[in-house]
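Values in this document were obtained by computation on a predicted structure and should not be read as measured data. Chain letters run A, B, ... following the sequence lines, proteins first, then strands; residues in each count from 1.
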Amino acid sequence: MRENAGVASVSRVRGRPLLEVRDLSVTFPQRKGGDVRAVRNISYTIAEGELLGIVGESGSGKSVSSLAVMGLLPTNAKIEGEILFDGKSLLTMNDRQLSDIRGKDIAIVFQDPLSALTPVYTIGDQISEALRLHDTALTRRAAEVRAVELLKVVGIPDSERRVKAFPHEFSGGMRQRAMIAMAIANNPRLIIADEPTTALDVTIQAQILEVLEEAKQITGAAVSLITHDLGVVAGHADRVMVMYAGKMVEMGTAEEVFYEPTMPYTVGLLRSVPNVRTASTERLVPLEGRPPSLSDLPVGCPFAVRCPAAIAECLEVEPELLAHGQAQDHLSACHRAGAIANGELARTDIFPRPEAHIDSAVSHGKGETILEVTDLKKSFPLFTGAVVRRKAGAVHAVDGVSFSIAQGRTLALVGESGCGKTTTILELMELTKPEGGRIVLEGTDVATLNKNSRNALRADIQIVFQDPAAAVDPRLPVGDVIAEPLLAQGVSKHDRDDRVTELLELVGLDPAMADRYPHEFSGGQRQRIGIARGLATNPKLLVLDEPVSALDVSIQAGVINLLQDLREKLGLSMIFVAHDLAVVRQIANDVAVMYLGRIVEYGPISDVFDNPRHPYTQALMSAAPIPDPREERSRHRVLLDGDLPSPSEQIDGCRFRTRCPLYKMLDPVRDAAARAKCEQDDPNLRPHDFVEVACHHVDRNKLLVD
Amino acid sequence: MALYLIRRVINYLILTAVATSLAYLLASVGLNPAQPEQQRHPRPPQIVIDHLLDRWGANPHVPLIERVWVWFSNILFHGDFGISVQNQPVVTLLTTRAGVSLQLLLIGSIIGAILGVVLGVWGAVRQYKPSDQIVTYASFVIYATPVIVMAILLMVLATGFNQAVGTQIITFSGQYSADAPAAFWPQLGDRLVHLLLPTTVLILTSAASYSRYQRNAMLDVLGADYIRTARAKGRTRNSALIRHGVRVALIPMSTFFAYSFGTLVTGSTLLEIIFSWHGMGEQAIQSIQQNDINGVAGATFFVAILILCSSTLSEVLYAALDPRVRR
């Protein structure tokens, strides 16, 4: 059966098969308990010049299977099956023989460019090393010249100078470019990109994907793009492979997988991710439960316990990967796939969209103002000198930010890392007189508070942090974790216990779990605990700092839905900081787009996102990936050059000028006056229709006519 | 970088002056150089004792602050560290004794450090294999053995060896034999033979501890992403570990090397006494026993200078190994 499947997928592939993986299994033996079966019997091929997207959540085996191809798994891994590269069997080679292929014929780009480069050697040395390892005749000098060329190819400006820089002198995006330069150094035939953009901002992610696409064009290499983000593969992949619990569960062309998925996991995954174009019009579909433990896999289909379409057979027999529809190489491992393919079982019925709890009018009507921030400023001094410290300048992390939040509404702060979002909310949480400007919470200017009144007001503003694993004390039972804000407010033990029970129910956890410790909970459940803690004092305003970015996609939806329900139920106001624009759109009413400590565009989210007027917002919007292959391929992108400048840098006039695509389009002669305005005059927020925009040339902005 | 180093060295020099002055102050308060003279039979006349005390700059009738200033200004302007109770200039004592100590320390600790690093790296790469286990157990046994036990054990072994061969090949008392031929090569050979046992002890103890630290530092690096990157570029595992791993693993070690070298002097006191080497450690002990204020201050000065050199060395090493701290 399985062999047939392998042959079937080869047949329609246009090019010659370059990489053939047959029946690959990877097991990590454990001293105690069952062995971890990270990858089980997967077979796939990559043809020459093809881009294969491999999608899966953490622990699905997507990275492990690719590291097996490179021969880079830890020595204790037990690898079975066959991997053929260009007809040669890789698994029978020793480290010496494999090292001749690695970096020359097969190259890899890793996820975290910070830790993937050796900190003590220059970028140039590390690129030259890749070259000289496979071409011993190449002189040191010639390798360096080639390294400069390669850095130019991947778009690093001033590469003659940069080649001598050390990794810590590069930004994240530049490091990832250097990694790609290293990968394409020897014109490889296969590039494996393992979550190449996960650690990066959306604007940088768009740049890196572009560079990767370019590298593919130049070298003609096949690419295997591994990611958890469906949007990233949608626009780039020829074929998509979905993995779950170490198994390949669906494989087909991008169109087949995105538009006609036949495996319920894929169906659910697609319905659980918000789309930046349409978000907030529909509720997200949460995938209940979590993937099985790889050391204790169930007998039947590993997805069966989470699958609403599961039948008795699913729990007993693990389904084979087979073709079910007309296309012979659209494969999926599901007993119900046939019924899904021929329309007997509608995809929307498997995972119906849940109803909202109450559609109260609170969120639509304008309530009273909860929070008003005017001209908020926060700077961090920079020091120089080792013996005598001198103040050398300041980083203006937040520089004149104003916004307000009405009751029941949610404001999102978006922007690249380093734009001042987190500093803004941390300043709010301080509840003290800010360095500059005014913060008025519930009609009280926080500058006037004394110790007692500040403590009392703190009950009204609470925060939920990004990483639930780090933000919850592992040594306290979750009941105590949740009760802590109440303890600070001096609530009695009896009342605290009652409230904990109430809160656990509110966030969808069993109140009997109050005595358990955080490590017994999954990531999504831990974030619910964090939310329960935030709600303990019945705050008017809940501040959420990237509350879902540390969670797997299938878990995200549940937490987002919970937040929406809570807002409706409790009439909560929220400040939501996030970098994922689709998530932001799903949940927020208003949005403030921040750039270098300023708000550049501010208004109701549908107005801002549907019709962005500031060039920066346009770039952000067009960089956000959309999990829809046709839409993604036909999009017009506004790409930004370079990285976010350092906030300590002094930029005259408009701060966005150095990266602004609109400014670049202005003719130096004809539009001299317009350019001068950008160079000298720092634009303030000015109203345009329903939104406020800080740009001089909103009326001339033709960047996004599609 | 050069400017930074100069600033650091000036800093250290000031610290050295402070440390030495404090030692002088402490010794002046705690030690009584007149005591041995007073206990002589027959007791010398007071005027003789006072004369001696004046010579040493330790007369209690002179205010302490004045004595400290005279002592300090003599060092500053004349390079004179005063006279020891054996009526030798302390400077002469320092130079001869420092030479002896450094002979012993330099060779031992450099070889010990290199051996320790090599064993540490080797052990980390071969983690949990029998060879790693053997090195681990051996270093803990050595680490746990007192220096004096190890030294005597080696002496017993050397004596046994000499008896077995029939002639005295290994000698282990003092720095040299009085009867060695005067030519260069025999002299050198004689010195090396005398160095053999004490240096072996030093190498064993320092290699034992360095190898544990180095093994840990290396284990941290083994799983690093950049090792994986280096292998992905086409290096074999071992070549990636040596070229990319060892240098990073050495960074935390550089501070450790330098400072343990600085404190070795005090640690090697026992070694000097066991093997009858007349080095700085022995000098420090003797000075205290003989109520020699100038001698104590001199010995402290030597240790302070060693720490100065080793801290500077550690900063240079650190900057050489890690580009992230260069400015």
Side-chain angles (χ1 to χ4, degrees), chain A residues 66-67 70-76 94-122 125-135 164-169 178-179 182-183 185-186 188 191-192 194 384-388, chain B residues 1-15 124-129 217 219-254 315 317-327:
Chain A
S66 298
L67 287 176
M70 291 293 280
L72 291 179
L73 284 174
T75 40
N76 68 336
N94 61 25
D95 193 31
R96 170 85 253 150
Q97 294 165 317
L98 269 174
S99 68
D100 288 337
I101 293 178
R102 282 199 300 255
K104 183 162 170 277
D105 295 320
I106 312 179
I108 187 162
V109 179
F110 290 110
Q111 168 174 358
D112 187 355
L114 175 61
S115 54
L117 292 166
T118 310
V120 296
Y121 297 118
T122 62
D125 281 349
Q126 299 191 47
I127 299 176
S128 305
E129 183 191 4
L131 290 161
R132 280 160 53 91
L133 274 172
H134 297 285
D135 183 359
K164 294 193 180 68
F166 286 97
H168 69 276
E169 296 167 305
M179 276 296 283
M182 233 178 266
N186 294 306
I191 300 172
I192 297 173
D194 188 356
T384 60
V387 186
V388 186
Chain B
M1 188 65 206
L3 193 76
Y4 170 75
L5 270 183
I6 290 168
R7 264 212 315 255
R8 296 302 296 194
V9 169
I10 291 172
N11 249 0
Y12 284 135
L13 280 175
I14 294 170
L15 280 177
V125 174
R126 306 178 54 86
Q127 194 187 7
Y128 299 141
K129 288 189 182 158
L219 281 179
D220 278 346
V221 169
L222 277 189
D225 284 357
Y226 51 81
I227 300 288
R228 204 172 57 172
T229 309
R231 294 185 65 198
K233 278 193 277 190
R235 281 198 180 276
T236 56
R237 177 168 181 266
N238 286 342
S239 126
L241 285 176
I242 288 165
R243 170 112 173 105
H244 289 261
V246 173
R247 180 151 161 203
V248 179
L250 274 175
I251 294 172
M253 294 296 287
S254 65
E315 305 223 346
L317 260 178
Y318 206 118
L321 288 171
D322 191 348
R324 288 167 292 186
V325 301
R326 290 176 211 159
R327 46 191 99 190

Quiz item: Under a 4.0 Å N-O cut-off, is there an ion pair linking A:Arg102 with A:Asp95?
Solution: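 Yes, this pair counts.
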
Quiz prompt | B:Arg324 and A:Glu169 ion-paired at < 4.0 Å | solution =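 Salt bridge absent between B:Arg324 and A:Glu169.
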
For [X] and [Y], which heavy atoms make the closest approach, and how far apart are they?
X        : Y        : answer
A:Ala183 : A:Ile108 : CB-O, 4.1 Å
B:Arg247 : A:Val120 : NH2-O, 3.5 Å
A:His134 : A:Ser99  : CE1-O, 3.3 Å

Chain B contact via [X] - side chain, backbone, both or neither, heavy atoms under 4.5 Å:
X        : value
A:Gln126 : both
A:Leu133 : side chain
A:Leu131 : neither

Quiz prompt | chain B interface, residue from A:Ala107, A:Pro167, A:Pro188, A:Gly103 that has the most non-hydrogen pairs under 4.5 Å | solution =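 Result: the option with the highest number of such pairs is A:Gly103.
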
Exercise. Sort B:Ala224 into side chain, backbone, both or neither according to what part of it lies under 4.5 angstrom from a heavy atom of chain A.
Key: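 Neither part, no heavy atoms under 4.5 Å.
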
Self-check item: Side chain / backbone / both / neither for B:Ile227 at chain A, heavy atoms under 4.5 Å
Solution: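 Neither part; nothing is under 4.5 Å.
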
Self-check item: Largest heavy-atom contact set with chain A, pairs under 4.5 Å, which of B:Gly245, B:Ala240, B:Gly234
Solution: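 That would be B:Gly234.
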
Quiz item: Is the NZ or CZ atom of B:Arg243 positioned over A:Tyr121's six-membered ring, under 6.0 angstrom from the centre and within 45° of the axis?
Solution: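 Because its charged atom sits under 6.0 Å from the ring centre and within 45° of the axis, B:Arg243 does stack over A:Tyr121.
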
